[in-house]
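Quick caveat: nothing in here was measured; it's all calculated off a predicted structure. For reference, positions follow the sequence shown, starting with 1.
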Amino acid sequence: MKKTVFITGITVAVVLLAMGCSNPAGGSGDSGGNLGTGPLILKGRIYEEGFPAPPSYTLSYTPTNKIGMLTASTSEVAAITNGSFEITVTPSSSLVSFSTVAGEYFSDWANVTSNNGSALFEALELTTSSGTIGNGYLFRERFQTSVKGSNYTATGQEVYYFYVNADVTITGGNKTDSDGVVYKAFALDLQEGWNAVCGRSVSTYTSEFDEVESGTVTLSISNPADLYWVFYD
């Protein structure tokens with residue numbers, strides 16, 4: 001995929017600012033992240049980002065009217081019409097072990113473990129193709145920026161959807177990367193079925209986002225309603 005999961009090394013090209021528009025929530029539309037064992041319905045308007053300009057570095061959100069096809073990693077396909085979509089997904093037969101998920105999605109944390117070794121996982125990915133939208137990826141996210149003197153702060157949220165075939169708790173410990181960003185300890189109680197895992201990053205920069213001064217990343221089972229469906233090619 002184009003983006004890493006639960007990003008915090010936010011560059012100026014991906015710092016997003018909420019513009020006060022509404023966007024339908026993915027999943028159940030509930031702020032809770034345990035979404036049940038039934039089909040997962042995702043829908044909404046797709047937005048594209050505009051490059052942020054100094055001095056405020058606010059990045060514009062523009063709803064797209066492009067058309068094309070949307071494909072879930074679980075094999076379902078839906079049309080994108082006038083920049084909007086609705087897709088219903090169910091888990092595929094390609095569930096994977098915890099070690100696969102831990103290595104791909106939670107490698108920035110220390111001592112990541114599962115309390116149910118028999119639980120199997122699937123992480124949902126959405127890709128676009130055809131029409132005027134072309135090949136790309138679709139994410140649910142929202143970033144806000146603030147500027148105070150020579151300091152720049154970016155606060156972001158990004159949601160990923162995981163399916164598990166049994167209740168399981170995943171835990172991870174604190175870990176600090178080479179930039180001094182702290183990945184905070186977490187305990188995620190995933191329930192059988194679909195779950196929304198939200199990563200929240202807060203990063204402080206100097207020199208117009210050129211260098212990270214400090215940062216933290218936290219994880220929770222939640223599905224915020226005020227995020228955007230954002231297209232990346």
- [ ] Dump the intermediate steps for side-chain hydrogen bond (donor to acceptor under 3.5 Å, both in side chains) on Ser99 and Ser97, then the final yes or no.
- [x] CA-CA 5 Å; Ser99 61; Ser97 66; 3.0 Å; yes
Open item on the list: One pair to check against side chain to side chain contact (heavy atoms under 4.5 Å, CB included): Leu227 and Val159. What are the steps and the verdict?
Closed with: CA-CA 9 Å; Leu227 305 189; Val159 165; 3.5 Å; yes
TODO: Show your working on ring-ring contact (aromatic ring centres under 6.0 Å, His included) between Phe231 and Phe139 and close with a plain yes or no.
DONE: CA-CA 7 Å; Phe231 167 76; Phe139 295 89; 10.0 Å; no
Open item on the list: Apply side chain to side chain contact (heavy atoms under 4.5 Å, CB included) to residues Ile46 and Ile80 and explain how you reach the verdict.
Closed with: CA-CA 9 Å; Ile46 300 173; Ile80 299 170; 3.9 Å; yes
Task: Trp194 vs Leu124, side chain to side chain contact (heavy atoms under 4.5 Å, CB included): CA-CA, chis, key distance, verdict - done: CA-CA 10 Å; Trp194 291 101; Leu124 181 67; 4.2 Å; yes
TODO: Apply side chain to side chain contact (heavy atoms under 4.5 Å, CB included) to the pair Val217 and Val181, showing each step before the final yes or no.
DONE: CA-CA 8 Å; Val217 180; Val181 175; 4.1 Å; yes
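With 3.5 Å as the limit, one finds a donor-acceptor pair spanning the side chains of Ser92 and Glu122. Side-chain atoms of Thr88 and Glu76 include no donor-acceptor pair closer than 3.5 Å. For the residue pair Ser222/Ser220, the side-chain donor-acceptor check at 3.5 Å is satisfied. Side chain to side chain, Asn34 and Asn195 meet the donor-acceptor criterion of an N or O pair below 3.5 Å. Under the 3.5 Å distance criterion, with hydrogens and angles disregarded, a donor-acceptor pair is assigned to the side chains of Asn223 and Tyr161. Between the side chains of Ser118 and Asn116, at least one donor N or O lies within less than 3.5 Å of an accepting N or O.
Closest heavy-atom contact between Leu219 and Gly199: CD2-CA, 3.7 Å. In terms of heavy-atom proximity, Val168 sits nearest to Ser114 at CG2-OG, 3.2 Å. Across Thr81 and Ile67, no two heavy atoms sit closer than the pair CA-CG2, 4.3 Å. Closest non-hydrogen pair, Ser130 versus Asn135, comes out as N-OD1, 4.4 Å. For Ala123 against Ser73, the heavy-atom pair with the smallest separation is O-OG, 3.5 Å.
The side-chain hydrogen bond (donor to acceptor under 3.5 Å, both in side chains) test with Glu141 singles out one residue from Trp229, Tyr232, Tyr228, and that residue is Tyr232.
Here Ile87 contributes atom CD1 and Leu126 contributes atom CG; the two are 6.0 Å apart, rounded to the nearest 0.5 Å. In this structure, Leu70 CG and Ser84 OG are separated by 12.0 Å, a value rounded to the nearest 0.5 Å. Phe106 CZ to Thr113 OG1: the interatomic distance, rounded to the nearest 0.5 Å, is 11.5 Å.
The aromatic rings of Phe98 and Phe121 sit tilted, their planes meeting at an angle between 30° and 60°.
Proximity of a side-chain donor or acceptor of Asn165 to a complementary backbone N or O of Leu120 within less than 3.5 Å is detected. A side-chain donor-acceptor contact under 3.5 Å links Asn115 to the backbone of Thr169. Looking at Trp109, its side chain never comes within 3.5 Å of a backbone N or O of Lys175 through a donor-acceptor pair. Between the side chain of Thr128 and the main chain of Gly134, a donor-acceptor pair closer than 3.5 Å is present. Looking only at distances, a side-chain donor or acceptor of Asn174 sits under 3.5 Å from a matching main-chain atom of Ala185. Remark: side-chain polar atoms of Asp167 are paired, donor with acceptor, to backbone N or O of Glu192 under 3.5 angstrom.
In this structure, Val101 and Val96 have side chains that are in contact, with non-hydrogen atoms separated by less than 4.5 Å. Inter-residue side-chain proximity for Tyr183 and Asp177 is flagged as met; some heavy-atom pair is nearer than 4.5 Å. The closest side-chain heavy-atom distance from Asp233 to Tyr137 is not below 4.5 Å.
Contact check on Lys66 versus Glu48 returns a salt bridge, with a Lys/Arg side-chain nitrogen under 4.0 Å from an Asp/Glu carboxylate oxygen. Using a 4.0 Å cut-off between charged side-chain N and carboxylate O, Arg142 and Asp226 make a salt bridge.
Residue Val77 shares its hydrophobic cluster (ILVMFWY side chains chained together at separations under 4.5 Å) with Met69.
Tracing side-chain contacts under 4.5 Å through hydrophobic residues (I, L, V, M, F, W, Y), one never reaches Val182 starting from Phe186; they form parts of separate clusters.
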